[in-house]
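After the structure tokens below, expect a handful of questions from me.
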Protein chains: 2
Amino acid sequence: MGNWTIEEIKNFLIKNGIRPSFYRLKIYQYLLNERTHPSADEIFLYLKKEIPTISRATIYNTLNLFLNKRLVQLINLERDEARYDATLSWHAHFKCLNCNKVFDFHIESLKLKGVEGFQILEKQLNLAGYCAQCQKK
Amino acid sequence: MGNWTIEEIKNFLIKNGIRPSFYRLKIYQYLLNERTHPSADEIFLYLKKEIPTISRATIYNTLNLFLNKRLVQLINLERDEARYDATLSWHAHFKCLNCNKVFDFHIESLKLKGVEGFQILEKQLNLAGYCAQCQKK
DNA sequence: CAAATAATTATAATTATTATAAAATTAAAA
DNA sequence: TTTTAATTTTATAATAATTATAATTATTTG
């Protein structure tokens with residue numbers, strides 16, 4: 001964690017047409033440097049420790065802004081809460097049903113039938129089960 | 001639509017350890033015969049026409065029962081509403097961002113890297129974009 | 001039939017997310 | 001710099017999907 005500097009993030013946001021306000025920087029920094037696929041509430045609770053005045057609405061506004069500008073991708077791993085990922089490459093997400101951790105898997109290949117004529121703009125491959133650690137128990 | 005008879009569905013539920021109450025039969029019949037990947041509310045509104053006394057709680061109870069007994073699969077195609085599918089085979093779901101229709105795609109092959117040691121119990125491949133029809137406009 | 005069990009309903013509670021309007025901040029113009 | 005305009009953030013209320021609860025109804029079993 002902690003590989004991107006605030007200055008680099010600032011330039012990146014500007015390059016993507018987003019005014020780099022303090023909160024936006026902090027939210028994007030969190031997504032980038034802690035790649036835990038957090039939910040909006042996890043981001044809120046984390047930043048609240050450092051910035052007690054921050055509001056949930058800001059988190060949602062900012063995440064929706066990032067989604068629209070395609071800076072982050074949405075993960076619908078569970079039915080009740082959306083997660084966000086600053087890694088844009090096409091990869092799978094696995095959720096352990098025991099420890100609730102989310103793992104990334106690289107997708108080597110995928111072949112679909114019948115997609116001719118369809119314009120596919122978004123893809124999500126979501127998996128669930130038990131991770132190696134939790135199976136030992 | 002309408003290929004399974006009530007009698008067949010009844011036997012199928014019993015075989016899966018589910019008491020075949022009237023409402024359960026109707027809900028499973030709807031999922032089977034109209035394969036539109038409905039949300040809980042769509043099922044509720046449809047059955048309400050025929051059975052005005054039916055309650056939303058029954059729909060949710062029954063769908064969760066079917067999920068636990070693995071008679072249906074959950075689809076998290078959109079962040080705000082779950083959909084249900086009585087087809088259990090592994091296939092992809094595509095949602096048209098214009099007409100909101102859901103299409104099934106057959107998956108010919110999928111290769112993942114790094115899954116050794118993981119026990120994968122659930123898989124979902126969700127796509128979004130524009131269907132052939134809507135692209136012409 | 002009576003007792004026990006299970007299913008269903010109506011309602012309230014919970015919770016993630018969005019909408020709204022006011023306040024605060026930042027940028028632009030004079 | 002001061003004023004004005006635009007944007008961002010906040011606090012709060014509103015929505016909406018889902019779950020929890022407790023009472024009622026239906027079904028099964030002895």
Side-chain angles (χ1 to χ4, degrees), chain A residues 6 9-10 13-14 16-30 37-69 71-85 95 100 102, chain B residues 6 9-10 13-14 16-30 37-69 71-84 95 100:
Chain A
I6 281 284
I9 295 172
K10 194 169 177 175
L13 290 187
I14 292 169
N16 281 277
I18 295 173
R19 306 248 295 257
S21 77
F22 177 63
Y23 297 96
R24 290 170 177 175
L25 284 170
K26 295 303 282 183
I27 292 168
Y28 193 60
Q29 184 185 40
Y30 182 69
H37 318 85
S39 64
D41 214 57
E42 276 164 28
I43 300 172
F44 171 73
L45 292 175
Y46 178 84
L47 293 180
K48 203 179 167 55
K49 287 184 287 182
E50 200 184 329
I51 315 154
T53 56
I54 201 168
S55 146
R56 266 194 184 81
T58 301
I59 308 290
Y60 281 107
N61 287 343
T62 304
L63 288 171
N64 283 331
L65 177 69
F66 288 171
L67 279 176
N68 291 335
K69 298 278 184 177
L71 254 63
V72 300
Q73 62 175 311
L74 185 68
I75 315 173
N76 289 315
L77 258 181
E78 37 248 292
R79 95 167 95 181
D80 60 333
E81 203 174 31
R83 292 171 172 273
Y84 301 85
D85 193 346
K95 184 180 178 183
N100 292 321
V102 178
Chain B
I6 281 285
I9 295 172
K10 195 169 177 173
L13 289 188
I14 292 169
N16 282 277
I18 294 174
R19 307 246 298 256
S21 76
F22 177 62
Y23 297 96
R24 289 171 178 176
L25 284 170
K26 297 302 282 183
I27 292 168
Y28 194 60
Q29 185 185 41
Y30 182 68
H37 318 86
S39 65
D41 214 57
E42 277 164 27
I43 300 172
F44 171 72
L45 292 174
Y46 177 87
L47 292 180
K48 203 178 167 58
K49 287 185 287 184
E50 197 183 330
I51 316 153
T53 56
I54 202 169
S55 146
R56 266 195 183 83
T58 301
I59 309 289
Y60 282 107
N61 287 343
T62 304
L63 288 172
N64 283 331
L65 178 69
F66 288 171
L67 278 177
N68 291 334
K69 298 278 187 180
L71 256 64
V72 300
Q73 62 175 311
L74 184 68
I75 315 173
N76 290 315
L77 259 181
E78 38 246 292
R79 91 168 99 180
D80 59 334
E81 203 174 32
R83 292 171 172 273
Y84 301 85
K95 182 177 182 188
N100 291 323

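Numbered from 1 within each chain, the chains take letters A, B, ... in sequence-line order.
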### Whole-Å distance separating the CZ atom of Phe44(B) from the C1' atom of dA16(D)
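Result: 14 Å.
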
### Query
Quick one: Asp41(A) CG to dT17(C) P, roughly how many Å, whole number?
8 Å

### Task
Report the distance from atom CD1 of Ile18(B) to atom P of dA6(C), rounded to the nearest whole Å.
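Going from Ile18(B) (CD1) to dA6(C) (P), I get 15 Å.
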
### Query
Starting at CD1 of Ile59(A) and ending at P of dT8(D), how long is that distance when rounded to a whole Å?
15 Å

Let me have the donor-acceptor pairs involving side chains of residues 16-25 of chain B, under 3.5 Å, with sequence neighbours excluded, atom names and distances please.
| residue | atom | partner | partner atom | Å |
| --- | --- | --- | --- | --- |
| Asn16(B) | ND2 | Phe12(B) | O | 2.9 |
| Ser21(B) | OG | Arg24(B) | N | 3.4 |
| Arg24(B) | NH1 | Arg19(B) | O | 3.1 |

### Task
Tell me, please, which residues at least two apart from Tyr60(B) pass side-chain contact (heavy atoms from CB on, under 4.5 Å).
Ala40(B)

### Query
Glu42(B) has an atom CD; how far is it from atom P of dA16(D), in whole Å?
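In whole Å, dA16(D) P and Glu42(B) CD are 15 Å from each other.
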
Under 3.5 Å, which donor-acceptor pairs link side chains of residues 72-82 of chain A to any protein atom two or more places apart or in another chain?
| residue | atom | partner | partner atom | Å |
| --- | --- | --- | --- | --- |
| Gln73(A) | NE2 | Thr87(A) | O | 2.6 |
| Gln73(A) | NE2 | Ser89(A) | O | 3.4 |
| Glu78(A) | OE1 | Lys95(A) | NZ | 2.3 |
| Glu78(A) | OE2 | Arg83(A) | NE | 2.7 |
| Arg79(A) | NH1 | Tyr84(B) | OH | 3.0 |
| Arg79(A) | NH2 | Asn64(B) | OD1 | 3.3 |
| Glu81(A) | OE2 | Ser39(A) | OG | 3.4 |

### Query
Phe44(B): what forms a ring-ring contact (aromatic ring centres under 6.0 Å, His included) with it, not counting sequence neighbours?
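Phe44(B): no ring-ring contact (aromatic ring centres under 6.0 Å, His included) contacts found.
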
### Task
If a protein heavy atom is under 4.0 Å from the base, mark B; if only from the sugar-phosphate, S; if neither, -; do that for nucleotides 19-30 of chain D going 5' to 3'.
B--------S--

### Message
From CZ of Phe22(A) over to P of dT8(D), roughly how many Å is that when rounded to an integer?
### Response
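So the two atoms are 16 Å apart, to the nearest Å.
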
### Glu50(B) to Pro52(B) - nearest heavy-atom pair and separation
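Residues Glu50(B) and Pro52(B), closest heavy atoms: O-CD, 3.5 Å.
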
### Query
Could you state the NZ-P distance from Lys69(B) to dA6(C), rounded to the nearest angstrom?
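Nearest whole value for this atom pair: 12 Å.
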
#### Entry: Residue list, side-chain contact (heavy atoms from CB on, under 4.5 Å) with Gln29(B), at least two apart or on another chain
Ile6(B), Ile9(B), Lys26(B), Asn33(B)

### Query
How is Thr53(B) classified with respect to the nucleic acid when contacts are heavy atoms under 4.0 Å: base, sugar-phosphate, or nothing?
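Counting heavy atoms under 4.0 Å across all strands, the contact made by Thr53(B) is with sugar-phosphate only.
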
### Query
Looking for any heavy atom pair under 4.0 Å, which part of the strands does Ser21(B) touch: base, sugar-phosphate only, or nothing?
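Sugar-phosphate only.
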
### Query
What is the distance, rounded to the nearest whole Å, between atom OH of Tyr23(A) and atom C1' of dT7(D)?
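Rounded to whole Å, this separation is 14 Å.
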
